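What you see is a predicted model, and the numbers here were worked out from it, not measured in a lab.
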Amino acid sequence: MMKNMEELSVEIEFKKEEMIRIANETGLLSEDTLEVSQELDRLLVVYQKQLKGQIHVSVP
């Protein structure tokens, strides 16, 4: 199911907070931190792709 930009923004913020919390608990290079970081990366890619799809540039 495709999420709208607002839903993605909220999910990205939650994932950032989760990553920071886990990094503080387990360390920056822990497997748990890296896993959440990768999840965040995937969300950011989806967001950027959707954002790019919304921007239409007209060339004169």
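- Considering only residues two or more places apart in sequence or on other chains, E25 meets the salt bridge (Lys or Arg N to Asp or Glu O under 4.0 Å) condition with R21.
- By the side chain to side chain donor-acceptor pair (under 3.5 Å) test, Q48 pairs with no residue at all, sequence neighbours left out.
- Separation of atoms CD1 (I22) and CE (M19) is listed at 9.5 Å; rounding is to 0.5 Å.
- One distance of note links NZ of K16 with CD of E13; it measures 4.0 Å at 0.5 Å rounding.
- In this structure, CG in L51 is found 13.5 Å from NZ in K49, a value given to the nearest 0.5 Å.
- The hydrophobic cluster containing F14, built from Ile/Leu/Val/Met/Phe/Trp/Tyr side-chain heavy atoms closer than 4.5 Å, also comprises V10.
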Name each donor-acceptor pair under 3.5 Å that joins a side chain in residues 33-46 to protein atoms two or more places apart or in another chain, with its distance.
residue	atom	partner	partner atom	Å
T33	OG1	T26	OG1	3.3
T33	OG1	G27	O	2.8
T33	OG1	S30	OG	2.9
E39	OE1	K15	NZ	2.7

